[in-house]
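What follows is a set of notes on a single structure, which appears directly below.
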There are 2 protein chains.
Amino acid sequence: MSEAKKESKQGKIRAQSEAKILAAAQEEFILQGYRGATVQSIADRAGLPKANILYYFKNKENIYHAVLEQTLDMWDEGIGDIDAADGPKVAIEKFIASKVRMSFKHPSASKIYAMEIIQGAQHLKEFARTYLRKWVRDKAALFQTWIDNGEMAEVDPYNLIFLIWSTTQHYADFETQILTVMNRADYEQEDEEQVTQFLTDFILRGCGLK
Amino acid sequence: MSEAKKESKQGKIRAQSEAKILAAAQEEFILQGYRGATVQSIADRAGLPKANILYYFKNKENIYHAVLEQTLDMWDEGIGDIDAADGPKVAIEKFIASKVRMSFKHPSASKIYAMEIIQGAQHLKEFARTYLRKWVRDKAALFQTWIDNGEMAEVDPYNLIFLIWSTTQHYADFETQILTVMNRADYEQEDEEQVTQFLTDFILRGCGLK
DNA sequence: ATAGAGATTAACCAAATAGTCAAAAAAACT
DNA sequence: AGTTTTTTTGACTATTTGGTTAATCTCTAT
């Protein structure tokens, strides 16, 4: 009876506030780092008084954890599973496309993730050790099968996965640098398509699939 | 008479202390971010009292600037200039090799740089707008020449440069993730060679040069 | 030896910041 | 309408931290 409370009415204000806070916090954590992002600055960006922030999240670290969790959920959705049934060509095409889409649609998530890893993955060690390691192992094995079957060139599957990750995420993480170098203010809609096209062509060729 | 002081004896202690401080600061800035790295923590890591740090660098921001400058100098050396006379194959080989070497020899420099860019390049805007933009434009033009001459496949030169940057730097910036996923404690010597080999093969193939 | 420049360091301070609290306002429920 | 629960918010506090100061020490040159 009282179990569903969280989802019914009471949850609405809470959910709204939490979302506003998390969005503000994500930006502040990117721009200022964990320590540099003050609860006050998050409050200001969210347009709420500081004490209200601490009412929804017990403390600053909880905010950060929530932001990270949100980021991992997004990673999970956006990863674009590699499907064995597709065969190497289509599988790689799909994988690249969904990773590029993630980078252009949610650059902030990618940036938070990147910062966390660069700083030593203090909060993601567990995620990397379990979930991620298994994911990479599985997909690498799949690539290896295709290689053994002569369906693609002999490329080290692990390094191939790293290559796809790095190239696709680069457009999110290094957004600022790319835009500055290209003398542009923002990405345009066609940029995503153009990048997808470039990476797909290039990587398929690298895999001997084109 | 007193002009050469800095280089003679008195400069020795100063140079030594500054180097120790910069090394400590670099690590702290990576691990904790700018705001999270306290002068005290830098002092502890350098094995010096806090007041001594502030004696050599007027304030915390000066320390950070010095670390960044050091990083850019290293970038400058390690960039491995692309030589037009080499032709595309050798030029790309050389470029990849020197970037990979940088990533394995000086991962911290790469990490500092990456964080700065992710955080909006507050302190590197000028560098990117002038030096970097020109560098990329020049090299892109060179690639274009080779393409027009039919010496390599038609790949967008800008995206090619970004691809080489992202893939090579990934081994420095995401060191923690790669090691965790591969279930390893440290890079071995042969890793650098193996990665160089992989990337060279793959990218040359992508450029239609193999 | 000794004067003077540079180096070291403990003690101190003002500002910033995470987190608490209590009281009031708003919403939800009966 | 009244009661309870949730939300909002200003005021307060303990702690951390960047930076200063002044006193001492060390080194070098004459």
Side-chain angles (χ1 to χ4, degrees), chain A residues 1-68 122-123, chain B residues 1-68 122-123:
Chain A
M1 212 192 240
S2 59
E3 298 299 316
K5 267 204 288 191
K6 299 264 173 56
E7 324 308 328
S8 66
K9 284 288 153 56
Q10 273 144 59
K12 219 195 294 187
I13 277 190
R14 178 166 219 106
Q16 246 173 357
S17 290
E18 284 180 356
K20 237 193 305 187
I21 294 166
L22 285 184
Q26 188 179 50
E27 282 310 302
E28 284 298 317
F29 284 134
I30 291 171
L31 255 32
Q32 313 290 343
Y34 175 75
R35 198 65 187 299
T38 67
V39 178
Q40 185 63 62
S41 72
I42 294 171
D44 291 346
R45 187 181 286 266
L48 297 170
K50 187 181 77 162
N52 205 349
I53 308 289
L54 276 313
Y55 166 72
Y56 282 109
F57 297 88
K58 265 166 276 304
N59 53 43
K60 188 172 158 182
E61 214 188 320
N62 274 333
I63 306 178
Y64 187 65
H65 280 145
V67 169
L68 269 192
Q122 296 299 309
H123 302 82
Chain B
M1 212 191 233
S2 59
E3 297 300 315
K5 267 204 285 193
K6 299 263 172 57
E7 325 308 327
S8 64
K9 284 290 152 56
Q10 273 145 62
K12 219 190 299 185
I13 277 189
R14 177 167 222 107
Q16 246 172 358
S17 290
E18 284 180 355
K20 239 193 302 186
I21 293 167
L22 285 184
Q26 188 179 51
E27 281 311 302
E28 285 299 315
F29 283 135
I30 291 171
L31 255 33
Q32 314 288 344
Y34 175 75
R35 200 65 188 296
T38 67
V39 178
Q40 186 63 61
S41 71
I42 295 171
D44 290 347
R45 187 180 285 266
L48 297 170
K50 185 180 77 159
N52 205 347
I53 308 289
L54 276 308
Y55 168 71
Y56 282 108
F57 296 88
K58 263 167 275 304
N59 54 42
K60 188 173 160 182
E61 214 188 320
N62 274 330
I63 306 179
Y64 187 65
H65 280 144
V67 168
L68 269 193
Q122 296 299 310
H123 302 82

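Within every chain, numbering begins at 1; the chains are lettered A, B, ... in the order of the sequence lines, protein sequences first and strands thereafter.
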- Contact class for A37(A) vs. all strands (heavy atom < 4.0 Å): base, sugar-phosphate, or nothing? sugar-phosphate
- To the nearest Å, how far apart are F57(B) CZ and dG18(D) P? 15 Å
- Query: Between atom CG in L48(B) and atom P in dT9(C), what is the gap in whole Å?
  - Reply: 7 Å
- Message: Expressed as a whole number of angstroms, how long is the span from Q16(A):CD to dT6(D):C1'?
- Response: 15 Å
- Note on the structure: Scanning both residues in full, the closest heavy-atom pair of A24(B) with I42(B) reads CB-O, 3.7 Å
- Message: Measuring only between side-chain heavy atoms, which start at C-beta, is Y56(B) closer than 4.5 Å to N62(B)?
- Response: no
- Note on the structure: When rounded to the nearest 0.5 Å, the distance separating CD of E61(B) from NE2 of H123(B) is 5.0 Å
- Side chain of P49(B): nearest nucleotide among dT9(C), dT8(C), dT8(D)? dT9(C)
- Message: Rounding to an integer number of Å, can you tell me how far I53(B) CD1 sits from dG18(D) P?
- Response: 12 Å
- Spell out protein contact along nucleotides 19-25 of chain D as letters: B when the base is contacted, S when just the sugar-phosphate is, - when no protein heavy atom is under 4.0 Å; keep the 5' to 3' order. B------
- Query: Is any side-chain heavy atom of T38(B) less than 4.5 Å from a side-chain heavy atom of R35(A)?
  - Reply: yes
- Item | Interatomic distance, D44(A) CG vs dA18(C) P [rounded to whole Å] | 12 Å
- Message: For the backbone of A37(A) and the side chain of K60(A), can you confirm whether one donor and one acceptor N or O come within less than 3.5 Å of each other?
- Response: yes
- Taking only N and O in the side chain of Y55(A), is any of them less than 4.0 Å away from OP1 or OP2 of dC21(C)? no
- Message: I need the I63(A) CD1 to K58(A) NZ distance, nearest 0.5 Å.
- Response: 11.5 Å
- Query: Atom CD1 of I21(B) to atom P of dT9(C): distance rounded to whole Å?
  - Reply: 12 Å
- Taking the side chain of R35(A) as heavy atoms from C-beta outward, which of dT8(D), dA18(C), dT17(D) is closest to it? dT17(D)
- Quick one: is dT8(D) close enough that its OP1 or OP2 comes under 4.0 Å of any side-chain N or O from N52(A)? yes
- Atom-to-atom span, OH of Y34(A) to P of dA18(C) - whole angstrom: 8 Å
- Query: Would you say dT7(D) has OP1 or OP2 under 4.0 Å from some side-chain N or O of R14(A)?
  - Reply: yes
- Item | Aromatic plane relationship, F29(A) with Y64(A) - under 30° parallel, 30 to 60° tilted, over 60° perpendicular | perpendicular
- Query: Atom CD1 of I42(A) to atom C1' of dA18(C): distance rounded to whole Å?
  - Reply: 11 Å
